[in-house]
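Just so it is clear: chains get the letters A, B, ... in the order the sequence lines come, proteins before strands, and each one is counted from 1. Everything quoted here is computed from the prediction, not taken from an experiment.
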Number of protein chains: 2
Amino acid sequence: MPAPRITLVDVARLAGVHTATASRALNPATRGQVSESTATRVAEAAKALNYQPNRMARGLRTNRTFTVGVLIPDITNPLFPPIVRGIEDALAPAGYTALLANSDNDPETERLHVETMLARQVDGLIMATARRSDPLVEHVAASGVPVVLVNRRSEDDRIPSVVPDDGKGIRLAVRHLVSLGHARIAHVAGPLHVSTGMARHRAFLEAMREEALEPDEELIAFARWFTVEEGARAFRALLPTNGRFTAVVTANDLIAIGCYDVMAEQGLRCPEDLSITGYNDIPLLDKLRPSLTTVRLEHYELGATAANLLLEPAADASTSARTILVEPTLVVRGSTMSLARAAEAPTRSSRR
Amino acid sequence: MPAPRITLVDVARLAGVHTATASRALNPATRGQVSESTATRVAEAAKALNYQPNRMARGLRTNRTFTVGVLIPDITNPLFPPIVRGIEDALAPAGYTALLANSDNDPETERLHVETMLARQVDGLIMATARRSDPLVEHVAASGVPVVLVNRRSEDDRIPSVVPDDGKGIRLAVRHLVSLGHARIAHVAGPLHVSTGMARHRAFLEAMREEALEPDEELIAFARWFTVEEGARAFRALLPTNGRFTAVVTANDLIAIGCYDVMAEQGLRCPEDLSITGYNDIPLLDKLRPSLTTVRLEHYELGATAANLLLEPAADASTSARTILVEPTLVVRGSTMSLARAAEAPTRSSRR
DNA sequence: CAAGAGCCTGCAATCGATTGCATGCGCCTA
DNA sequence: TAGGCGCATGCAATCGATTGCAGGCTCTTG
């Protein structure tokens with residue numbers, strides 16, 4: 001037996017007032033317009049009936065749904081749960097709820113989900129799917145619906161975004177390896193069509209030069225995606241340079257794990273034969289063997305900041321949209337070791 | 001410049017018909033009520049204007065939002081992303097979108113989120129937060145909003161649910177260990193107030209008896225939550241029984257990882273000193289050292305099945321609500337080894 | 001004491017789409 | 001040719017809450 005929904009009419013009747021008065025009494029912003037006595041009477045009636053305003057009817061009139069669309073590539077990628085959690089925790093206190101959708105990085109799926117969300121009249125959109133040049137993002141921004149990018153940014157810097165300081169993060173990794181005595185450092189980059197991939201790649205080149213080391217083109221490989229499989233595939237391309245490098249900076253933890261797999265398969269030891277760094281510090285890395293040295297990002301904070309940026313009273317258009325950089329830190333674990341100590345290790349196992 | 005939203009009025013005007021006609025032409029269910037020529041004319045007008053019906057206005061009239069609330073304990077627990085993904089992938093083709101909320105297993109937070117979702121007029125609710133006896137679940141079910149439980153079930157079996165076959169899963173683990181020659185098997189159980197914790201615990205006792213092994217009370221510890229920390233704490237309580245057991249069946253992968261931590265701290269080797277099994281097969285377990293033998297569940301399927309169960313045309317009330325069991329499989333990895341081979345291993349390292 | 005100011009409250013329109021009912025038109029049949 | 005049937009369409013009410021406007025009341029002030 002579906003319980004009959006309580007409407008404002010019921011509350012007004014019980015309190016002996018007009019629905020308009022009841023509405024004003026219940027809305028904090030208009031509470032001052034009614035006398036204190038009626039306000040409390042209405043409030044009591046609402047409580048007695050356990051009244052829950054129909055957000056849809058309200059939204060129809062006010063043109064606000066208190067709903068935010070969140071579009072990510074894939075929630076099963078361990079990078080995203082903390083971001084989503086941060087977003088939701090920041091939205092909830094403001095009365096907003098998140099609509100979640102996964103796109104698998106497919107532009108057509110993205111477009112579809114965005115259309116659906118706009119049809120649902122979301123009050124804003126948080127996108128973690130942006131490519132460096134992304135027509136969909138521009139389309140949404142132009143449509144007037146507030147949008148904030150998270151983790152990845154667009155090259156169009158009019159779009160507000162909250163992203164990791166990739167330059168700083170990669171520099172931390174490179175300096176760490178250099179301080180351990182490494183000079184021949186390889187690099188497995190991520191996809192260059194997204195900002196994180198490109199920024200980390202560029203940062204690697206710059207950081208090397210800052211350390212007076214000329215990056216060697218043959219020691220750079222590109223993964224087409226931030227996945228274990230692509231990391232493995234890309235890393236394999238570096239193997240023929242046998243011995244030309246003693247350390248690897250990767251663009252992402254999953255790519256680093258792909259390197260682990262290939263090393264195991266090739267009989268190479270980490271960190272004795274090769275030091276490796278990751279990026280992001282996803283969960284469980286500390287339980288790997290060896291535990292992975294990586295650049296840590298507070299993904300929860302990344303999401304929460306993005307949500308808050310979206311909720312902020314839209315600063316006047318003159319205020320150029322902000323790009324907020326989140327500070328990374330280096331987490332040193334077992335996958336990197338000093339070149340000197342590595343040399344003392346028992347003979348490197350031969351490749352098969 | 002916020003683009004002016006296109007409404008049905010605009011479409012009707014362009015097509016030269018009344019809004020009612022336009023509405024019927026656009027709705028597949030009522031398409032037959034208008035002539036074919038106007039139907040196509042309206043469709044063309046809609047396409048030309050890129051018309052997107054306002055879901056809120058529609059929902060107000062039809063009392064359907066094509067929205068489903070999904071309540072989980074915590075999306076950052078690796079167990080849940082695949083479930084959520086399965087749910088969303090099953091909902092999307094039917095035109096439904098998921099509203100996601102995290103409760104951290106806090107009853108008050110759960111209640112709050114459920115109220116919010118009901119106020120948003122969700123068409124249904126999928127809950128992964130159920131306790132064995134859960135007033136909130138009963139309240140929702142009684143309110144007439146369709147509910148499906150996922151992963152955990154309620155003792156009230158009138159509530160439809162999709163859960164792992166815990167009895168079978170634990171039996172697989174126990175038999176595997178027994179087949180490896182283990183007889184003194186310890187057990188780190190999960191929280192007994194949720195169905196998964198209780199069912200796995202009971203299943204352990206039964207499975208042992210089926211193997212003609214009497215479970216030893218002193219070799220059973222209880223984690224209060226499915227977390228690494230609680231797993232470690234509970235396992236530590238078993239240490240004083242020094243040597244009384246050669247294998248451990250845990251109720252969950254995170255608990256198993258907690259055991260790993262304590263073993264490392266105590267200088268115990270896995271699997272030489274102790275074989276361990278987990279439950280769920282969350283990502284990256286295969287990269288651990290040793291890789292974890294565990295009971296695998298298709299969490300994606302768990303979520304997708306739950307969503308489909310919710311979408312199913314509500315069978316008449318006489319059809320007793322269904323509880324669907326999802327089949328587990330055993331994934332044998334490096335954390336379990338035959339007792340005989342373990343005996344051949346170099347001397348067990350002493351405890352500190 | 002009358003007029004004005006200010007505070008509460010009610011009236012009614014409104015948001016955009018859906019849908020029961022009524023109407024008009026064309027066509028078939030007797 | 002008139003009566004009748006049915007299809008296609010328009011009219012208008014409706015979902016539930018919000019809000020501009022107007023009206024009534026009280027209280028103050030010249």
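- With sequence neighbours left out, A:N27 forms a side chain to side chain contact (heavy atoms under 4.5 Å, CB included) with A:A29, A:T30.
- For the ring pair (Phe, Tyr, Trp, His ring centres under 6.0 Å) test, residues two or more places apart in sequence or in another chain that qualify with B:F66 are B:Y96.
- Among the protein residues, B:R55 comes within range of no part of the nucleic acid, since none of its heavy atoms lies under 4.0 Å from any strand.
- Checking side-chain atoms of A:S195 against main-chain N and O of A:R153 turns up a donor-acceptor pair under 3.5 Å.
- Checking side-chain atoms of B:H113 against main-chain N and O of B:N102 turns up a donor-acceptor pair under 3.5 Å.
- The shortest side-chain heavy-atom distance between B:L8 and B:S23 falls under the 4.5 Å cut-off.
- Residues in residues 45-56 of chain B take part in no side chain to side chain donor-acceptor pair (under 3.5 Å) pair, two or more places apart or across chains.
- Judged by distance alone, with hydrogens and angles left aside, the side-chain atoms of B:D74 form no donor-acceptor pair with the main-chain N or O of B:D104 at under 3.5 Å.
- If you check every strand for non-hydrogen atoms under 4.0 Å, A:S23 touches a base.
- Both B:A57 and B:V34 lie close to DNA chain D; mapped to their nearest nucleotides by heavy-atom distance, the more 5′-ward contact belongs to B:V34.
- Taking B:T97 as the reference, A:R120 meet the side-chain hydrogen bond (donor to acceptor under 3.5 Å, both in side chains) condition, with sequence neighbours excluded.
- With respect to the salt-bridge test (charged N to carboxylate O, under 4.0 angstrom), the residues B:E44 and B:R41 do not qualify.
- Residues from residues 7-22 of chain B lying near DNA chain D, meaning a heavy-atom separation below 4.0 Å, are B:V17, B:H18, B:A20, B:T21 in numerical order.
- Terminal axes of the helix from C:dC1-D:dG30 to C:dA30-D:dT1 (five pairs each, C1' rotation axis) are separated by 60°, to the nearest 10°.
- A search for ring pair (Phe, Tyr, Trp, His ring centres under 6.0 Å) contacts involving B:H139 returns nothing, not counting sequence neighbours.
- Rounded to an integer number of Å, the gap from B:R31 CZ to D:dC7 P is 18 Å.
- Partners of B:T109 under the side-chain hydrogen bond (donor to acceptor under 3.5 Å, both in side chains) rule, at least two apart in sequence or in another chain, are B:D106.
- Checked against side-chain hydrogen bond (donor to acceptor under 3.5 Å, both in side chains), B:T40 has no partners two or more places apart in sequence or in another chain.
- Within residues 35-45 of chain B, the residues having any heavy atom under 4.0 Å from DNA chain D are, by residue number, B:S35, B:T38.
- For DNA chain C, the contact window with chain A, defined by any atom under 4.0 Å from a protein heavy atom, covers C:dC8 to C:dG16 in 5' to 3' order.
- For B:H18, there are no ring pair (Phe, Tyr, Trp, His ring centres under 6.0 Å) partners, not counting sequence neighbours.
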